Student: 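My structure is below; once you've seen it, I'll send some questions.
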Amino acid sequence: MLVSATEMLNKAKAGKYAVGQFNINNLEWTKAVLITAKENKSPVILGVSEGAGKYMGGYDTIVGMVKGLIKDLDIDVPVALHLDHGSYEHAKLCIEAGFSSVMFDGSHYSIEENIAKTTELVAYAHSKGVSIEAEVGSIGGEEDGVVGKGEVADAKECKMIADLGVDMLAAGIGNIHGKYPDNWTGLDFKALDEIQKLTGTLPLVLHGGTGISEAMIKESISLGVSKINVNTECQLTFAAATRKYIEEGKDLSGKGFDPRKLLAPGYEAIKNTVKEKMDLFGSIGKA
Ligand code: 13P
């Protein structure tokens with residue numbers, strides 16, 4: 001069932017586990033995540049970046065695809081369809097199209113402007129029953145051509161944004177999108193602890209979930225992280241499985257080119273990655 005992310009994340013925060021946000025790029029990706037959530041009785045969040053939204057045809061197409069899969073595959077676990085790193089305009093477009101959750105990333109604005117825009121979007125999202133994530137302190141790395149240097153969020157600014165009534169908060173703590181560089185110094189748990197003390201029961205979000213060690217993931221959850229975003233790792237496993245299939249020449253023999261066969265190994269690879277993450281985050285059996 002398509003639901004806002006509020007209830008599943010409040011439950012996760014109280015139960016000391018995290019719900020995975022897995023970013024989607026196409027039908028196979030979406031189906032793999034939904035079926036894995038159902039098989040493992042886990043709540044799940046489907047993340048859509050603006051670039052992926054454009055690639056898939058637009059937000060209406062995505063809402064139709066996700067709702068159709070939930071119905072046809074009888075997905076009986078809570079599913080949130082969430083805009084990832086949305087601009088002010090696209091957060092509104094997604095709410096209008098029927099997304100059940102949006103992220104407004106105002107981290108590149110001044111804190112005053114971030115507060116003004118977040119306040120307006122919180123009211124609009126909540127009037128439609130949609131949950132909303134805000135961001136303080138930019139997440140580093142590159143996503144959809146947007147490059148952030150990564151900064152540690154100020155706890156007092158986090159508290160100011162939390163008080164606007166957002167349902168979840170992404171606070172930069174040295175995390176970055178994509179692969180972590182060899183000289184990465186790790187997550188700033190002191191900052192996370194301070195943020196969680198000031199923001200109380202509000203679910204915190206950890207972006208850049210690819211390449212963070214098991215120990216750091218567990219420590220983040222113990223310090224109030226209840227949503228963890230994963231994108232790059234699914235892309236890497238999908239690409240590796242597809243490449244192996246092509247290199248083995250299987251799709252080039254017999255019947256010839258068959259897109260269903262070509263994409264099958266990547267689909268299975270995503271299912272495995274999603275299951276591993278759900279296990280690590282502790283969300284299996286929580287639906
Ligand atoms: P990765 O691409 O590092 O997995 O991060 C995903 C993410 O944070 C999406 O918002």
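The structure displayed is predicted, hence computed values, not measured ones. Starting from 1, each residue takes its place in the sequence as its number. One-based numbering, in listed order, for ligands and for the atoms of each.
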Student: Based purely on interatomic distance, does Asn23 place a nitrogen or oxygen under 3.5 Å from a nitrogen or oxygen of ligand 1?
Tutor: no

Student: Please say whether more than 12 non-hydrogen atoms of neighbouring residues, nucleotides or ligands are located less than 6.0 Å from NZ in Lys67.
Tutor: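 No - once you tally the heavy atoms of other residues, nucleotides and ligands closer than 6.0 Å, there are 12 at most.
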
Student: Output the list of atoms in ligand 1 that are nearer than 4.0 Å to some heavy atom of His207, sorted by atom number.
Tutor: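 Here the atoms of ligand 1 in question are 8 (O), 10 (O).
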
Student: What I want to know is whether Glu233 and ligand 1 share at least one N or O pair that is separated by under 3.5 angstrom.
Tutor: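 No, no N or O pair falls under 3.5 Å.
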
Student: Is the Lys NZ or Arg CZ of Lys277 less than 6.0 Å from the centre of Phe22's six-membered ring, within 45° of the axis?
Tutor: no

Student: Would you indicate which of Leu236, Asp105, Asn175, Asp84 comes nearest to atom 10 (O) of ligand 1 when only heavy atoms are counted?
Tutor: Asp84

Student: Counting heavy atoms only, which part of Asn229 comes closer than 4.0 Å to ligand 1: side chain, backbone, both or neither?
Tutor: both

Student: Side chain of Asn229, backbone of Gly209: donor and acceptor closer than 3.5 Å?
Tutor: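 Not confirmed, Asn229 side chain does not pair with Gly209 backbone.
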
Student: Looking at Tyr17, is Lys286 sitting on its ring face, NZ or CZ under 6.0 Å from the six-membered ring centre and within 45 degrees of the normal?
Tutor: yes

Student: Any N/O of Gln21 closer than 3.5 Å to an N/O of ligand 1?
Tutor: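 It does not: no N or O of Gln21 is found under 3.5 Å from an N or O of ligand 1.
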
Student: With respect to Val230, determine whether any N or O atom, backbone or side chain, lies less than 3.5 Å from an N or O atom of ligand 1.
Tutor: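 N/O-N/O distance below 3.5 Å does not exist for this pair.
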
Student: Counting distance only, does the side-chain N/O of Lys275 pair as donor-acceptor with the main-chain N or O of Asn40 below 3.5 Å?
Tutor: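 It does not hold such a pair.
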
Student: Under a 4.0 angstrom heavy-atom cut-off, which atoms of ligand 1 come close to His85?
Tutor: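 In order of numbering, the contacting atoms are 10 (O).
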
Student: Take atom CD in Glu113; do more than 12 heavy atoms of anything else shown fall under 6.0 Å from it?
Tutor: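 Check passes, neighbour count above 12.
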
Student: For ligand 1, which atoms have a heavy atom of Gly178 less than 4.0 angstrom away?
Tutor: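 Listed by number with element, the hits are 1 (P), 2 (O), 3 (O).
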
Student: Is Gly209 in contact with ligand 1, taking contact as a heavy-atom separation below 4.0 Å?
Tutor: yes

Student: Name the orientation class of the two ring planes belonging to Trp29 and Phe238 (parallel below 30°, tilted from 30 to 60°, perpendicular beyond 60°).
Tutor: tilted

